[in-house]
Amino acid sequence: MHKMYFTGLALLLNMTQIGMALAGEIDPATVPAAKQTIAKNYLSAKEAATMKQSMGGKALLVDVRTQAELEYVGVADMMDADIPYMTDDYTTWDDKKARYMMSPNSGFLSKMSDAMTKAGLDKSSPVIVMCRSGDRSARAADLLSKSGYTAVYSVVEGFEGDQAKDGDHKGQRVVNGWKNAGLP
């Protein structure tokens with residue numbers, strides 16, 4: 001009984017320390033509207049990597065980008081699952097965005113449930129959601145929160161990061177993000 005109590009207490013203290021370490025880098029008031037979530041749990045790419053490393057198998061890192069993005073841009077070594085939140089619709093062209101339309105992945109929640117079960121986790125376990133730059137991960141985080149997941153974190157910078165607003169790299173995704181931080 002005492003050993004179980006102290007193990008639980010140690011886990012609680014560790015989770016509290018992780019939470020305190022993660023709280024602070026991103027002020028929810030500064031998160032752009034397109035990246036805001038219901039839960040208001042935001043991580044930088046570095047914070048996401050730290051959380052994943054410190055919690056190991058007790059947190060699930062999910063990349064919600066399309067298969068093409070994963071294949072051509074790269075993948076985080078720590079990723080537990082790739083479950084696209086949106087899928088490409090190669091039958092419909094979007095003239096305004098100069099690309100094919102994207103549609104919500106109707107199987108997203110069931111694939112998330114499968115990934116959580118496979119990892120031995122439940123809806124109260126931490127889920128870290130990452131996309132290209134933080135917009136889709138915010139929408140995916142909202143869907144998960146509405147579906148009963150209670151510890152959903154969105155990587156605000158995403159895998160590629162935000163676009164530079166000026167300078168020699170204007171328009172390029174070089175500002176922040178998993179890739180630009182040199183994370184594995």
Q: Does any non-hydrogen side-chain atom of Pro126 lie less than 4.5 Å from one of Lys58?
A: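 Lys58 does not reach Pro126 side chain to side chain.
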Q: Taking a hydrophobic cluster as the set of Ile, Leu, Val, Met, Phe, Trp and Tyr residues connected by side-chain heavy atoms closer than 4.5 Å, whether directly or through intermediates, do Met130 and Val175 fall within one such cluster?
A: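 Different hydrophobic clusters.
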Q: Identify the heavy atoms of Thr37 and Asn41 that sit nearest to each other, and give their distance.
A: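 Looking at all heavy atoms of both residues, the closest pair is OG1-N, 3.8 Å.
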Q: Keeping the roles fixed (side chain from Gln36, backbone from Val31), state whether a donor-acceptor pair exists under 3.5 Å.
A: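 Judged by distance alone, yes, a pair lies under 3.5 Å.
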Q: Under the salt bridge (charged side-chain N to carboxylate O under 4.0 Å, His left out) rule, what pairs show up with a residue in residues 136-154, not counting sequence neighbours?
A: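 Sorted result for residues 136-154: Glu69-Arg136, Arg139-Asp142.
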Q: Run through Val64, Ile128, Asp63 and flag the one making a side-chain contact (heavy atoms from CB on, under 4.5 Å) with Val155.
A: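 That would be Ile128; it is the only one of Val64, Ile128, Asp63 passing the side-chain contact (heavy atoms from CB on, under 4.5 Å) with Val155.
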Q: Who are the side chain to side chain contact (heavy atoms under 4.5 Å, CB included) partners of Thr117, not counting sequence neighbours?
A: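 Result, side chain to side chain contact (heavy atoms under 4.5 Å, CB included) vs Thr117: Ser113.
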Q: Applying salt bridge (charged side-chain N to carboxylate O under 4.0 Å, His left out), can you list everything that pairs with Asp135, at least two apart in sequence or on another chain?
A: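 Listed in chain order: nothing, the list is empty.
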Q: Looking only at heavy atoms, which two atoms of Cys131 and Ser137 are closest? And how far apart?
A: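 Shortest heavy-atom separation between Cys131 and Ser137 comes out as SG-N, 3.2 Å.
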Q: Would you list the pairs meeting side-chain hydrogen bond (donor to acceptor under 3.5 Å, both in side chains) in which at least one residue belongs to residues 161-174, sequence neighbours left out?
A: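 Non-adjacent pairs meeting side-chain hydrogen bond (donor to acceptor under 3.5 Å, both in side chains): Lys35-Asp162, Asp162-Asn176, His169-Gln172.
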Q: Do you know which two heavy atoms are closest between Gly161 and Ser133, and how far apart they sit?
A: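 Smallest interatomic distance, heavy atoms only, reads O-CB, 3.6 Å.
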Q: So which pairs with a foot in residues 95-106 pass side-chain hydrogen bond (donor to acceptor under 3.5 Å, both in side chains), sequence neighbours left out?
A: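 Sorted result for residues 95-106: Trp93-Asp95.
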Q: Quick check: is Tyr153 connected to Leu60 through a chain of hydrophobic side chains (ILVMFWY, heavy atoms under 4.5 Å apart)?
A: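 In one cluster with Leu60: Tyr153, no.
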Q: For residues 107-125, which residue pairs qualify under salt bridge (charged side-chain N to carboxylate O under 4.0 Å, His left out), counting only residues two or more places apart or in two chains?
A: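 Salt bridge (charged side-chain N to carboxylate O under 4.0 Å, His left out) check on residues 107-125 returns no pairs.
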Q: From Ile38 CD1 over to Ser145 OG, what is the distance, rounded to the nearest 0.5 angstrom?
A: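 The OG atom of Ser145 is 5.5 Å from CD1 of Ile38, to the nearest 0.5 Å.
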Q: Out of curiosity, Tyr149 OH to Leu121 CG, how far, rounded to the nearest 0.5 Å?
A: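 Answer rounded to 0.5 Å: 10.0 Å.
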Q: CE/Met86 to CE/Met101 distance, rounded to the nearest 0.5 angstrom?
A: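 Reported to 0.5 Å precision, the distance equals 8.0 Å.
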Q: Which residue pairs satisfy the ring pair (Phe, Tyr, Trp, His ring centres under 6.0 Å) criterion with at least one member in residues 116-140, sequence neighbours excluded?
A: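 Listed by first then second residue: nothing to list.
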Q: Check side chain to side chain contact (heavy atoms under 4.5 Å, CB included) between Ser110 and all other residues, then give those that pass, not counting sequence neighbours.
A: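 By the side chain to side chain contact (heavy atoms under 4.5 Å, CB included) rule, Ser110 matches no residue at all.
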Q: Ring pair (Phe, Tyr, Trp, His ring centres under 6.0 Å): which pairs involve residues 108-144, sequence neighbours left out?
A: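 Those involving residues 108-144 are Tyr85-Phe108.
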Q: So if you build clusters from Ile, Leu, Val, Met, Phe, Trp, Tyr with side-chain heavy-atom gaps below 4.5 Å, do Leu43 and Trp178 land together?
A: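 Same cluster: Leu43 reaches Trp178 through Ile, Leu, Val, Met, Phe, Trp or Tyr contacts under 4.5 Å.
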Q: Does Asn180 have any side chain to side chain donor-acceptor pair (under 3.5 Å) partners at least two apart in sequence or in another chain, and if so, which?
A: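 In terms of side chain to side chain donor-acceptor pair (under 3.5 Å), with neighbours along the sequence ignored, Asn180 is linked to no residue.
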Q: Test of understanding: with side chain to side chain contact (heavy atoms under 4.5 Å, CB included), list the residues that count as partners of Ser44, not counting sequence neighbours.
A: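 Partners of Ser44 under the side chain to side chain contact (heavy atoms under 4.5 Å, CB included) test: Glu25, Ile26, Lys46, Glu47, Glu157.
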Q: If you define the side chain from C-beta out and look only at heavy atoms, does anything of Val129 sit under 4.5 Å from Leu144?
A: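 They are in contact (side-chain heavy atoms under 4.5 Å apart), so the answer is yes.
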Q: So do Thr66 and Thr87 actually touch side chain to side chain, heavy atoms under 4.5 Å?
A: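 SC-SC contact between Thr87 and Thr66 ruled out.
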Q: Are Val152 and Tyr42 linked, directly or through intermediate hydrophobic residues, by side-chain heavy-atom contacts shorter than 4.5 Å (ILVMFWY only)?
A: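 No, no single cluster joins them.
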Q: Cut-off 3.5 Å, no hydrogens considered: what does the side-chain donor-acceptor table look like for residues 71-83, sequence neighbours left out?
A:
residue: Asp80; atom: OD1; partner: Lys52; partner atom: NZ; Å: 3.3
residue: Asp80; atom: OD2; partner: Lys52; partner atom: NZ; Å: 2.7
residue: Asp80; atom: OD2; partner: Leu61; partner atom: N; Å: 2.8

